[in-house]
Amino acid sequence: MTRTPNVLTISEDRGAREHMARLLECGGFVVDVVDSAEAGVLALSAIRYDVLLFDEAPLNLQLLQVLSSAARLQPQMATLVMTSGDLVSAERPQLDGTIARDSDSADEVATSVRSALEHRGRRTAASTFPTRTNPRHADASL
């Protein structure tokens, strides 16, 4: 049986927070919402999340600190940004995806989250895959 992914959503905008939470829940995710960067760091310290979704508006130093804390506390977690602009995730290499802030489709949001989870999984697997620099000099006891 597959575990339902947990999503932490951080947005200072109450309407955006509640709207995104409804879409995520309709998409089959377990959702926690917080209204500040500080509350986000506290939640990350207490609960294991699969996905961090934060609102880029306003993207400030506090949210950048949340991203730093997330990378340190839960490096396996996928990170998405809610944006109203034309932000391309390639412009922010620490991101695993984007979600349109004005999206009204639970399916679209769920697809974005699942895609971010797959992207994070591939990136994590690539960074933890053991490599040998010279296979001829591997452990002789093998």
Inset, instruction - Show your reasoning for whether salt bridge (Lys or Arg N to Asp or Glu O under 4.0 Å) applies to D55 and R17. - result: CA-CA 8 Å; D55 193 346; R17 248 188 347 260; over 6 Å; no

Legend entry - Derivation and outcome, side-chain contact (heavy atoms from CB on, under 4.5 Å), residues L53 and I99: CA-CA 9 Å; L53 171 62; I99 293 179; 4.0 Å; yes

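- By the 4.5 Å heavy-atom criterion applied to side chains, L80 and T98 are not counted as neighbours.
- When all heavy atoms of L23 and S105 are compared, the closest pair comes out as CD2-C, 4.0 Å.
- Listed here is the closest heavy atom pair of H19 and S103: NE2-O, 2.6 Å.
- Of all non-hydrogen atoms in R114 and F29, the two that sit nearest each other are NH1-CZ, 3.7 Å.
- Taking 4.0 Å as the cut-off between side-chain N and carboxylate O, D35 and R14 do not count as a salt-bridged pair.
- Taking a cutoff of 4.0 Å between a charged side-chain nitrogen and a carboxylate oxygen, R101 and D13 qualify as a salt bridge.
- Placement of M77 and I47 within a single hydrophobic cluster is found when ILVMFWY residues are connected by side-chain heavy-atom separations under 4.5 Å, directly or transitively.
- Between T79 and the choices V66, V51, L67, the side chain to side chain contact (heavy atoms under 4.5 Å, CB included) rule is met once, by L67.
- Taking the side chain as every heavy atom from C-beta outward, L52 and I10 approach each other to under 4.5 Å.
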Inset, instruction - Any chance you could lay out the side-chain contact (heavy atoms from CB on, under 4.5 Å) test for M82 and F54, step after step, and finish with the verdict? - result: CA-CA 6 Å; M82 213 184 324; F54 68 94; over 6 Å; no

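- To the nearest 0.5 angstrom, S69 atom OG is 7.5 Å from L44 atom CG.
- Nearest heavy-atom pair, S36 versus A39, reported as atom, atom and distance to 0.1 Å: OG-N, 3.1 Å.
- For the atom pair CD of E18 and OG of S11, the computed distance is 10.0 Å after rounding to the nearest 0.5 Å.
- Applying the side chain to side chain contact (heavy atoms under 4.5 Å, CB included) rule to S68 yields no partners; only residues at least two apart in sequence or on another chain are considered.
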Inset, instruction - Quick one: do V30 and E25 satisfy side-chain contact (heavy atoms from CB on, under 4.5 Å)? Show the steps, please. - result: CA-CA 6 Å; V30 174; E25 287 169 349; over 6 Å; no

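- Rounding to the nearest 0.5 Å places OG1 of T9 at 8.5 Å from CG of D32.
- Of all heavy-atom pairs between L73 and S45, the closest is CD1-OG, 3.7 Å.
- Closest heavy-atom contact between T4 and G28: CG2-O, 3.0 Å.
- Residue L8 holds its CG atom at 5.0 Å from OH of Y49, rounded to the nearest 0.5 Å.
- At a threshold of 4.5 Å between non-hydrogen side-chain atoms, the residues Q74 and Q76 count as touching.
- Listed by first then second residue, pairs satisfying salt bridge (charged side-chain N to carboxylate O under 4.0 Å, His left out) with a partner in residues 68-84 number zero, not counting sequence neighbours.
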